[in-house]
Amino acid sequence: MTRGRIRAKLRRSHLYTFGCLKPSTTEEAPHPLQGPGFSRTVYCNQPLLHDKRPLLYCKNDISTTKYNVITFFPKALFEQFRRVANIYFLLAACLSASPISPFSPLSMIAPLAFVVGLSMAKEALEDSRRFVQDVKVNRRKVNRHKGDGIFGPRSWQNIMVGDVVKVNKDQFFPADLLLLSSSYEDGICYVETMNLDGETNLKVKRSLEATMTLDNDEVFKDFTGTIHSEDPNPNLYMFVGNSDYERQIYPLDPSQVLLRDSKLRNTDYIYGVAIFTGHDSKVMQNSTKSPSKRSTIEKKMDYIIYTLFTVLILISVISSIGFIFKTKYQAPKWWYLRPDNIEYQYDPNKVGVAGMSHLITALILYGYLIPISLYVSIEVVKVLQATFINQDIQMYDEETGTPADARTSNLNEELGQVDTILSDKTGTLTCNQMDFLKCSIAGTAYGVRSSEIEVAAAKQMASDHEDQESDLSNFPMPKSKARISWDNVRKAEEIELETVVTSKGDEDQKHAIKGFGFEDDRLMNCNWLQEPNADDLLMFFRILAVCHTAIPELNEETGVYTYEAESPDEGAFLVAAREFGFEFCRRTQSSIFIHERFSASRKVVER
C-alpha cells in the first residue's frame with residue numbers, strides 16, 4: 001500500500017520522469033502574461049488569424065490630418081467662430097434679417113461669408129498637405145513574406161500584425177517589429193531614432209539567439225511562433241512580453257523591438273515580425289491630434305474687439321437714450337410725421353419698444369467700427385509669409401538639401417518672439433559639431449589654428465580697444481607717456497589679432513574637412529616620425545583610433561570611411577586619427593581593425 005501511494009504521488013507530480021512520453025489530455029495552461037495591459041497575442045507568419053476578433057488589430061495606415069470629409073465643415077466652422085469678431089458679425093447678420101434693419105441682409109451676410117470662407121479654404125489647403133504627406137508614408141514599400149519563402153514588395157498600409165518583413169539598409173521600419181535576425185552573424189543591427197527622440201547616435205538592437213539562424217528568405221517557409229506582449233502604450237523605452245518559439249518561451253525586452261519611424265543604419269538587412277501597426281505603434285501613441293493653434297496677436301485682437309464692442313454698445317445706448325427722449329417729448333409736436341398714423345418704432349406711447357428697436361438699428365449702423373477686413377488682411381499676410389519662408393534661400397540647409405517647410409501659417413508671427421529656452425545641453429542650441437584643432441601630447445602642445453571663439457574674442461578686443469582710445473582722447477594726458485603706453489598696447493594687440501585673423505583666412509583657402517581643422521607641420525604628412533617623442537605620438541594616434549564606440553561606414557564613391565558616433569567628440573577624434581594615418585575600418589564583437597599609413601612608402605597596414 002505504501003509503495004502504491006508513493007508511485008501515485010510521483011505520477012501526479014511534475015518530477016515524473018516518463019510523463020512527457022504520454023499524450024497530454026489536459027488543455028494548455030494559460031499564458032503567464034495575463035490581466036489588464038497584457039492581452040496582446042501575435043501569431044507570427046500567420047496574419048490571416050488576425051482578421052477576426054479578438055485578434056483583429058488596427059491597420060497600418062496612419063492619418064495626421066486635422067479634418068476629414070465628414071468633420072471638415074463643422075470643425076472648421078467652430079474654429080472660425082472662436083473669433084469674437086465673427087460671432088459679432090453673425091449676430092449682426094441675423095439682426096439684419098429683421099424688418100427694422102437699415103440694410104439688406106445680403107450686405108451683412110456676404111462679407112461674413114467671404115471672410116469665413118477664405119479662412120476655411122486656407123485651413124483646407126494646409127490640411128490637404130498633411131493628407132498628401134500621409135499618403136506618401138502609407139504607400140512606402142517594404143518586402144513582406146508572401147509564403148513559401150518568397151518576399152515581395154507591399155505598401156506599408158497593407159502590413160498586418162504577424163507579417164514577417166525584410167527591411168534593407170537606410171529604410172524606415174513600417175511598424176513596431178520584433179527583431180528576428182540581421183545580416184550580422186550575432187543578430188545585431190544599428191538603428192537611428194532621430195525621428196523619435198532627436199538623438200543622432202545609433203542604438204544597438206539584438207535578436208534572440210533562438211532566431212539568429214533565420215537569416216535568409218527560404219527559412220521562413222515553415223516559420224511560426226507566438227508572441228504575448230503588453231497592450232499598445234506610448235512608452236518608447238519599455239516593452240514587456242515573451243516569445244513562444246519551438247516549444248520554448250523566451251523573454252523579450254526593448255532591445256529586441258524596432259520602433260516605427262526609426263531607420264536601419266550600417267546593417268544590410270533585418271527580418272522582423274510586426275507587433276504593433278498603425279496607430280497602435282508607440283510613435284503614433286505618442287502623437288497628439290493636430291491642435292487648434294492661435295497666435296498671441298490673434299488672442300490680443302480678441303481683446304481689442306472686446307474693447308471696440310464695448311465702445312459700440314456705449315455709443316448705441318447713448319444714441320437710443322437720446323432717441324427715447326426725442327420720441328416721447330418732441331415727436332408729438334412734429335405734425336409732419338403724422339403722429340396719428342405712426343409706426344410702432346416711433347410711437348411715443350411705446351418708448352420702450354421704440355428705444356429697443358433704435359438700439360438694434362444703431363448696433364447695425366455703427367457696426368463698421370469693428371473691422372471685419374482686418375482678419376482677411378492678416379490671413380492673406382500669413383499665407384504670403386509662409387510662402388516666403390518656404391522660398392527663403394538663407395533657411396536652406398545645403399548639407400542635407402533640406403529647405404524650410406512652413407506646414408501651417410497660424411503661428412508665423414510667433415517667430416522671433418522666444419521668451420524662454422529650457423535646454424539640457426548645448427548641442428540643442430548649436431549645430432552640435434566638433435572640430436579637432438589642437439592637442440597636447442606628452443606635455444607638448446600641437447596645433448596653430450584658431451577657433452571661431454578666439455577669432456570672435458580677438459575682434460571684440462580690437463573693438464573695445466578702439467572704444468577706449470576714443471574715450472581717453474577726451475582726457476588730457478602727458479603726450480610722451482600716452483604715446484609710449486598706447487603704442488605698446490596697440491602693437492601687442494595688433495600682433496595677436498593679426499595672428500588669429502591670418503589663421504582664419506588660411507582656413508578658408510584650404511579644402512575643409514568636416515570635424516578636422518588641425519594645422520601643424522610637425523604632425524602632418526608623417527612628419528611626427530621625426531619628433532623625439534615619436535613613440536608617445538604613435539600611442540596617442542592609436543588611442544584616438546581605438547577607444548570609442550563608433551561604427552564605420554565606407555563611402556563607395558570616395559573610398560573614405562565615415563563614422564556614426566554617439567557624440568560629435570568621438571566623430572572628430574576618429575576623423576583626426578584618419579587624417580593622421582590611422583583609419584578605423586571595421587569592428588566585431590571582440591576586435592577593432594584599423595589601417596595604418598605612417599611609413600615612408602605610405603603602405604597600408606591593417607592591425
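Gln133 has its side chain out of reach of Thr64: every pair of non-hydrogen atoms, C-beta onward, lies at least 4.5 Å apart. At least one side-chain heavy atom of Leu264 sits less than 4.5 Å from a side-chain heavy atom of Phe173.
With hydrogens and angles left out, the side-chain atoms of Thr193 and Lys203 include a donor and acceptor closer than 3.5 Å. Side-chain contact check for Asn143 and Arg154: no donor-acceptor pair (N or O, by modelled atom type) lies under 3.5 Å.
Formation of a donor-acceptor pair under 3.5 Å by the Gln256 side chain with backbone atoms of Asp253 is found in this model. In this structure, the side chain of Asn390 does not engage the main chain of Thr387 through any donor-acceptor pair within 3.5 Å.
For the atom pair OG1 (Thr277) and CG (Asp61), the distance works out to 9.0 Å, reported to the nearest 0.5 Å.
Between Phe151 and Phe220, the ring-plane angle classifies as perpendicular under the 30° and 60° cut-offs.
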Query - Stepwise ring pair (Phe, Tyr, Trp, His ring centres under 6.0 Å) check, Phe580 with Phe518 - result: CA-CA 10 Å; Phe580 288 131; Phe518 184 83; 5.4 Å; yes
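A ring-ring contact (aromatic ring centres under 6.0 Å, His included) with Phe541 is found for one member of Tyr446, Phe573, Trp528 and no other, namely Trp528.
Here Asp520 pairs with Arg522 in a salt bridge; the nearest charged N to carboxylate O distance falls below 4.0 Å.
Under the 6.0 Å cut-off for aromatic ring centres, His595 and Phe584 do not qualify, their centroids lying 6.0 Å or more apart.
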